[in-house]
Protein chains: 2
Amino acid sequence: MTIKGKATSLDIAHLAGVSQPTVSRALRGSPMVNEETRRRVLAIAEQLNYKVDKNASSLRRQHSGTLALLLFEDPTSDESHINPFFLPMLGSITRACARHGQDLLISFQQLSHDWHADYGDSNKADGLILLGYGDYLAYQGKLRKLVEQGTLFVRWGAVLPDQPGISIGCDNVGGGRLAGAHLTELGKTRVAFLGDASSHYPEFHDRYQGCDEVLREAGHALDPALQIDAESSEDSGYAAAQALLGRGIAFDALFAASDLIAIGAMRALSERGLRIPEDVAVIGFDDIPAARIATPTLTTVFQDTTLAGELLVDTLMKQVRGEAAESMRLPTSLVVRKSTLLCSS
Amino acid sequence: MTIKGKATSLDIAHLAGVSQPTVSRALRGSPMVNEETRRRVLAIAEQLNYKVDKNASSLRRQHSGTLALLLFEDPTSDESHINPFFLPMLGSITRACARHGQDLLISFQQLSHDWHADYGDSNKADGLILLGYGDYLAYQGKLRKLVEQGTLFVRWGAVLPDQPGISIGCDNVGGGRLAGAHLTELGKTRVAFLGDASSHYPEFHDRYQGCDEVLREAGHALDPALQIDAESSEDSGYAAAQALLGRGIAFDALFAASDLIAIGAMRALSERGLRIPEDVAVIGFDDIPAARIATPTLTTVFQDTTLAGELLVDTLMKQVRGEAAESMRLPTSLVVRKSTLLCSS
DNA sequence: CTGAAAGCGCTTACAG
DNA sequence: CTGAAAGCGCTTACAG
């Protein structure tokens, strides 16, 4: 018997001398099938290189075994630049999906577009993973809509009290405190902050807050005149540092809301002839691979992206299975490198 | 009329007072449907937030509108490290898929695993995009199997004469020539090569060949004693450079088979007190973002990953539509930075 | 333990 | 231009 095209469960049924439903049961390991029948079916399936048709199966079962990852691009950034911070997260997410037996759809979206309608409703995916920074206030309405529609999702980002849906994020305030405490120990008192610290960017805002808290406790709060808006890119960090220098206000340390900002800023500082860390100590946030390559190597607040990816998937799968799930805040830690390594200390 | 759960085309049919097939036709823009009927159907569909069920549609049409991206991980490298070279390619591929109206499944695989069986047969994807370097000879058998099965695919990698299936790759020989010519112009005559130059790694092999060709023409061929195996990672590059230094053979330039290798090697050279480029000029390959961050900034051979991603998708889609498609070799260009910028030149 | 039947939600000949 | 019918390949009650 030759089979044209792909083998179906019916083909196997014929060859095994059983009904098609029995093939289906045997294949999915149902306990109500004779052990010998199962073996026979499995052998034939293997030989025919049979694979269950995903579409038919998903249609019948009314769920897809697929998760969708939506990665938001910064609309202002150059097309080809994805925040490298998300790369290991992406790796971790794909691996976690594989462990859960889920396929992963991936899509890049502009935060402003109509992504919120597309995935859940077409049954392409059972749940959504939302990744990427952006203007949170603009974002929030869409999250609310997802909740209304009954679309399951988790997002990576700041965990806020009144938030629609479930979020996994790092402890940004805690991370900011680590940075502030480290700079204080170094004897730095005039700390500048590079990054949008408004409520539109809650992650950056919390990092600012945390750092400010500690500095305040030490008696020298962050001077708002030393805060410059920047988004997470090298160019933006470079420009922000130049703007900062242009203000002509003295500072002896720089806390950047992300490593990319920090790396851009270090370039601007070096070009001005400032020594790092002697004149200005610099701390970033994220611990992307480039932090180890930069000159000087960059002290930064580490976020565990591997763990984050796993938790995103685990949490989403809980929801898919109808179990309770909740938002989580992950701890951060400080990685000290040469950009804050003073010889005197 | 309230509809429990998701709206189906039948729900719309009832509301619009037409048959369900007519709804289907109207939605997919069939020309054989009355303009007024179409408008009515579309309005209702929009109002109900209706989306065509992907599974049902794919099942019926016997293709999925989905492409699968298999990214091969280097088994020897640390879990969380994906070659950053592939990041912009990934971005470009997802965008190209969107333009073609295709969904993109993503999966990380070990080159050694049974990925070749899974995707095509289960109708999850209409075609495969294969990304990632690895031992080509081990790989080749699986490619042949894909061809036999009739699975459609394109891969990123060296374009070789006797190769199963279609490949898109850069002109590695040409890239090697650019590097060799540049070093020759600088007056360098003792060029070392870091990277596996065997036929197991055709990309690296071709880069070696191209460089060697030009040097030969200039009268000072690559000395095989100055070639050290390395795979594309910083640590491997660091170790290879140390091994090279350990050989005690003089060299005045270093061509690394990838930027990651080059960056690791520069670290080893600096630690030995060698000046770059005065003592040793260094050239990498790929032009990853880190090349601009390294100290000194790294001269390298640029591969157009954005174009590559687009061509991979375009070529695969041609195959899906049953059109002719063929392998392509993309041009490279040299990006000169400080690691080869001699004051004298 | 197994089979006959129904149905998931579409698309596409086939009639009219 | 539209509708009735069939069928894509599964899974899952329902009988036996």
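A, B, ... follow the sequence lines: proteins, then strands. Residue 1 opens every chain.
Remark: side-chain polar atoms of Lys54(A) are not paired, donor with acceptor, to backbone N or O of Asn55(B) under 3.5 angstrom. The backbone N or O of Ser92(A) lies less than 3.5 Å from no partner atom in the side chain of Glu310(A), so there is not a single donor-acceptor pair.
Rounded to an integer number of Å, the gap from CD of Gln20(A) to P of dA6(C) is 15 Å. As rounded to whole Å, 15 Å separates atom P of dG9(D) from atom NE2 of His63(B). At whole-Å resolution of the value, NZ in Lys54(B) and C1' in dC8(C) are 17 Å apart. Atom C1' of nucleotide dT12(C) and atom CG of Leu27(B) are separated by 15 Å, given to the nearest angstrom. Distance, Lys51(B) NZ to dC10(C) C1': 16 Å, rounded to whole Å. Asn55(B) places its CG atom 22 Å from the P atom of dG7(D), with the value rounded to the nearest Å. Atoms CE (Met32(A)) and P (dC1(C)) sit 10 Å apart, rounded to a whole Å. One interatomic measurement links the two molecules: CG of Asp53(B) to C1' of dC10(D), which rounds to 14 Å at whole-angstrom precision.
Mapping Leu59(B) and Pro21(B) onto DNA chain C by nearest heavy atom places Leu59(B) closer to the 5' end of the strand. Both Arg25(B) and Ala56(B) lie near DNA chain D, and the one whose nearest nucleotide falls closer to the 5' end is Arg25(B). Checking Thr37(B) against Arg61(A), the closest nucleotide of DNA chain D that is more toward the 5' end is the one next to Thr37(B).
The side chain of Ser57(B) contributes no N or O atom lying less than 4.0 Å from OP1 or OP2 of dC10(C). Side-chain nitrogen and oxygen atoms of Tyr50(A) include none within less than 4.0 Å of the OP1 or OP2 phosphate oxygen of dG9(D). Between Ser9(B) and dG9(C) there is no side-chain polar atom (N or O) within less than 4.0 angstrom of OP1 or OP2. Contact check, Ser19(A) against dT2(C): no side-chain N or O comes under 4.0 Å of OP1 or OP2.
Set against dG3(D), dG9(D), dT12(C), the side chain of Arg28(B) has dT12(C) as its closest nucleotide. In this structure, the nucleotide among dT2(D), dC10(D), dT2(C) sitting nearest to the side chain of Thr22(B) is dT2(D). Taking only side-chain atoms of Gln62(A), from C-beta outward, the nucleotide of dC10(D), dG9(C), dT2(C) with the closest atom is dG9(C).
Of the charged side-chain nitrogens involved, at least one lies within less than 4.0 Å of a carboxylate oxygen, so that Arg38(A) and Glu35(A) count as a salt-bridged pair. With salt bridges taken as basic N to acidic carboxylate O contacts below 4.0 Å, none links Glu148(A) and Arg144(A).
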In sequence, state the C-alpha distance, the side-chain angles, and the governing distance for Leu130(B) and Leu143(B), and then conclude on side-chain contact (heavy atoms from CB on, under 4.5 Å).
-> CA-CA 10 Å; Leu130(B) 272 25; Leu143(B) 295 184; 3.6 Å; yes
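Base pairing of dA4(D) is not made with any nucleotide, judged by Watson-Crick or G-U wobble geometry with both donor-acceptor distances under 3.5 Å. With a cut-off of 3.5 Å on both pairing distances, dA13(D) has no Watson-Crick or G-U wobble partner at all.
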